[in-house]
Structures are given as C-alpha cells and as structure tokens.
**Q** 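I am attaching a structure below and will ask some questions about it afterwards.
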Amino acid sequence: MSVRLLNITGLFRSRPKASPLVILTSVFSLALSGCGYYDSRTAHKAQISLIGISSSDLQACMGIPDKTKKLPDGSEIYEYTRGLNIPSANDSTLFPLQSVVNIIENALGGAGKTCVADVRITDGKVTDLHYGGDNDEIVGADGVCATIARGCVRRPLPSMQVISSNPLGPVKAYRQPQIKPAKLQPVTTGEGTAVTPQAGAAVEGMPATTLPDLKRKAVTPAIPSAIAPANAP
C-alpha cells in the first residue's frame, strides 16, 4: 500500500508546470478571440481570397444573397445582411455585470451587431467585396461581418485565392485590404500616338493585374494596281 502511495505522489510531483509565458499567451489569445480579433481577420481575409471566384462558387459558400441589383455597366451587386446575437448579462445585487459591459463597449467601441456585405459581380466573377453597417467589435474592425464570410474562409473552395495567415500581413484586424490601381500599359495606335487606357484594380495582397497587350502595328495601305500615280507617263 505504501509503495502505491509513493508511486502516485511521484506522478503528481513529476507533472511539468506551465510557465507564466504560456499561461499569459493562452489568456491573451482567449481575450482576443472573445473581443473580435479573429472575427475581423476572417472578414478581411475574405476580401482577398474571394476575388476572382465565380458567382456560383460564391453562393455555394456564402449562401443566396438577400438582395441583387443590376448596375448600368452590366455588373451586378449581391447584398448580404447578417446580425450578431449577443446575449445580455443580467445585473445582480452584488456585481452590475451588464452595466460594466455597456461602459466598456461605449468607451472602446465595438458594440456593433449588424453587417451589410456588398459583393460586385462582373462577367460572372467576384471583383470586389465591401462591408458596411454597425459591424465593429471591441477589438478590430468589421468583426461582425465574419458571420457572412466564415463559411467561405473556414472551408475554402479550390477556386479561392490562398492567403497567408501570418499576423504581420497581408490580412490585418484593424484595416481592410486596400484596392490598388493596376499597372497601366501604353497602347500604340497606327498613327504612333501612345494613349493610356483606364486600368482595372487589384486588391492588396494579390498581384496587380495588367491590361492585355494592345499594340497595333502601323499598316501602309497598298495602292490598287488599276490606279496609276499622278506623275505616271
């Protein structure tokens, strides 16, 4: 009996203790996840990874849009509206929990509960994704919009862009991926005049697209054989 007790106490003594750094990291990760940090990254990651997929693939992972609108330029807008269900904490006589939560949200921001996502479809492909509404959580921006985008981000389709999850970028919690103008490619006409056409756009984190090569060679019209030059004998 004494031998067994010694073995048990030896097991408890040999258990490794978690370092303060590991405990602090775990607590910090839980705090960020509860305040919207990862939700913001999920929403912003979709703004890059969904560019270029077909409208069919978009609806397969994001769902049927709540509204659609045809634009004069031929493109189409899919609009999704989602809300965040946040249970309220009841105040007690010992500790006014809900009052403290309200004070923190009013001081730090992030009491958003609704996101409106507008997806632009051009020639059957996703070309842009914008978020609107009262959609910020305590940490990060657009965190509520993760309720719209997480179906696509958590189970990405083969047609989606592969985006790094590095905390340093290109996906950030407080900043949406910015749209950059594409590189302009000069066009040479038959008269030799170089013009700069209007370029498309590229999303930050993706390679910028360039316009196709539209160079045209100058062509010298041939003189028909039936027409003689004016100085011909």
Side-chain angles (χ1 to χ4, degrees), residues 32-71 73 75-86 104-106 108-157 159-182 200-209:
L32 287 179
S33 62
C35 295
Y37 175 78
Y38 294 108
D39 287 344
S40 298
R41 287 180 56 86
T42 298
H44 295 163
K45 186 174 184 178
Q47 290 182 300
I48 305 176
S49 60
L50 293 178
I51 301 300
I53 71 172
S54 66
S55 60
S56 299
D57 284 348
L58 175 73
Q59 294 178 71
C61 66
M62 192 174 286
I64 306 300
D66 302 311
K67 298 179 183 178
T68 60
K69 182 177 178 58
K70 197 81 171 180
L71 300 181
D73 62 358
S75 61
E76 197 171 3
I77 298 294
Y78 289 0
E79 187 172 278
Y80 297 83
T81 304
R82 299 289 184 273
L84 186 64
N85 296 324
I86 303 177
I104 293 175
E105 288 181 343
N106 293 331
L108 302 178
K113 296 178 177 61
T114 304
C115 174
V116 179
D118 291 313
V119 186
R120 181 190 289 269
I121 308 294
T122 305
D123 296 330
K125 302 287 185 180
V126 175
T127 57
D128 203 0
L129 170 57
H130 282 274
Y131 297 131
D134 186 15
N135 57 23
D136 292 342
E137 298 183 48
I138 295 179
V139 176
D142 309 308
V144 181
C145 299
T147 57
I148 299 175
R150 63 165 55 106
C152 299
V153 174
R154 288 181 177 177
R155 191 182 182 188
L157 298 170
S159 57
M160 291 172 56
Q161 302 286 336
V162 179
I163 307 300
S164 172
S165 298
N166 190 329
L168 301 180
V171 180
K172 300 176 177 63
Y174 282 95
R175 182 171 175 266
Q176 293 189 15
Q178 301 302 303
I179 299 176
K180 296 181 178 181
V203 178
E204 184 182 23
M206 294 178 58
T209 57

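This one's a predicted model, so the numbers in the text were calculated from it and none came from an experiment. Residue numbers start at 1 and run along the sequence shown.
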**Q** Is there a side-chain contact between Lys113 and Asp134 (heavy atoms, below 4.5 Å)?
**A**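 The answer is no; the side chains never approach within 4.5 Å.
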**Q** To the nearest 0.5 Å, what is the distance between CZ (Arg154) and OG1 (Thr42)?
**A**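 Those atoms lie 7.0 Å apart.
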**Q** Using 0.5 Å steps for rounding, measure from the CG atom of Asp118 to the NZ atom of Lys69.
**A**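 It comes to 11.5 Å.
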**Q** For the residue pair Gln178 and Arg175, what are the closest heavy atoms and their distance?
**A**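 So the two residues come closest at CG-NH2, 3.1 Å.
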**Q** To check you understand the geometry: which heavy-atom pair defines the closest contact between Pro170 and Ser164, and what is its length?
**A**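 Scanning both residues, the minimum pair turns out to be CD-O, 4.1 Å.
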**Q** Could you check whether any side-chain heavy atom of Tyr174 comes within less than 4.5 Å of a side-chain heavy atom of Ser40, counting everything from C-beta outward?
**A**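 Counting from C-beta outward, Tyr174 and Ser40 never come under 4.5 Å.
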**Q** Closer than 3.5 angstrom, by distance alone: can the side chain of Gln59 be matched with the main-chain N or O of Asp57 as a donor-acceptor pair?
**A**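 The answer is no, because no donor-acceptor pair under 3.5 Å joins these two groups.
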**Q** Could you measure the distance from the OH atom of Tyr80 to the CG atom of Asp66? Nearest 0.5 Å is fine.
**A**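 Reported to 0.5 Å precision, the distance equals 8.0 Å.
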**Q** Any side-chain heavy-atom pair from Ile51 and Thr127 closer than 4.5 angstrom?
**A**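 When only atoms from C-beta onward are counted, Thr127 and Ile51 do not touch, as no gap falls below 4.5 Å.
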**Q** With side chain to side chain contact (heavy atoms under 4.5 Å, CB included) as the criterion, how do Thr122 and Lys125 come out once you've worked through the C-alpha distance, each side chain's angles and the decisive distance to 0.1 Å?
**A** CA-CA 5 Å; Thr122 305; Lys125 302 287 185 180; over 6 Å; no
**Q** Checking Val153 against Leu50 for the side chain to side chain contact (heavy atoms under 4.5 Å, CB included) test, could you report, in this order, the C-alpha distance in whole Å, the side-chain angles of both residues, the deciding distance, and whether it holds?
**A** CA-CA 9 Å; Val153 174; Leu50 293 178; over 6 Å; no
**Q** Could you tell me whether the side chain of Met160 reaches within less than 4.5 Å of the side chain of Cys152, counting heavy atoms only?
**A**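 When only atoms from C-beta onward are counted, Met160 and Cys152 do touch, with a gap below 4.5 Å.
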**Q** State the NE2-SG distance between His130 and Cys145, to the nearest 0.5 angstrom.
**A**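 Result: 12.5 Å between the selected atoms.
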**Q** Any chance you could measure Ser55, atom OG, to Ile121, atom CD1, to the nearest 0.5 Å?
**A**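 If we round to the nearest 0.5 Å, Ser55:OG and Ile121:CD1 are 5.5 Å apart.
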**Q** Less than 4.5 Å apart, side chain to side chain, heavy atoms only: is that true for Thr114 and Asn135?
**A**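 The answer is no, as the side chains (C-beta and beyond) never meet within the 4.5 Å cut-off.
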**Q** Return the CG to OG distance between Asp123 and Ser54, rounded to the nearest 0.5 Å.
**A**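 It comes to 13.0 Å.
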**Q** Are Ile77 and Thr68 close enough, and set up right, to give a side chain to side chain contact (heavy atoms under 4.5 Å, CB included), and what steps lead you there?
**A** CA-CA 5 Å; Ile77 298 294; Thr68 60; over 6 Å; no
**Q** I'd like to know if the side chain of Tyr131 and the backbone of Ala43 have a donor-acceptor N/O pair within less than 3.5 Å.
**A**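 Side chain of Tyr131 to backbone of Ala43, a donor-acceptor pair under 3.5 Å: yes, one is there.
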**Q** Please tell me if the side chains of Ile148 and Cys115 come closer than 4.5 Å, counting only heavy atoms from C-beta onward.
**A**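 Counting from C-beta outward, Ile148 and Cys115 do come under 4.5 Å.
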**Q** Could you check whether any side-chain heavy atom of Leu71 comes within less than 4.5 Å of a side-chain heavy atom of Glu76, counting everything from C-beta outward?
**A**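 Contact flag for Leu71/Glu76 side chains = no.
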**Q** Between His44 and Lys172, is there a donor-acceptor pair closer than 3.5 Å when you use the side chain of the first and the backbone of the second?
**A**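 Flag set: sc His44 to bb Lys172 pair under 3.5 Å.
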**Q** Do Val144 and Asp39 have side-chain heavy atoms sitting under 4.5 Å apart?
**A**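 No, side chains not in contact.
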**Q** Mind running side chain to side chain contact (heavy atoms under 4.5 Å, CB included) on Val119 and Asp128 for me, showing each step along the way?
**A** CA-CA 6 Å; Val119 186; Asp128 203 0; over 6 Å; no
**Q** Are Arg120 and Asp73 ion-paired here, with the side-chain N under 4.0 Å from a carboxylate O?
**A**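 Salt bridge: yes.
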**Q** Any donor-acceptor pair under 3.5 Å linking the side chain of Arg41 with the backbone of Ser165?
**A**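 Yes, the answer is positive, given that a donor and an acceptor are paired below the 3.5 Å cut-off.
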**Q** Tell me the closest heavy-atom pair linking Arg82 and Thr147, and the distance in Å.
**A**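 Arg82 and Thr147 have their closest heavy atoms at CB-OG1, 3.4 Å.
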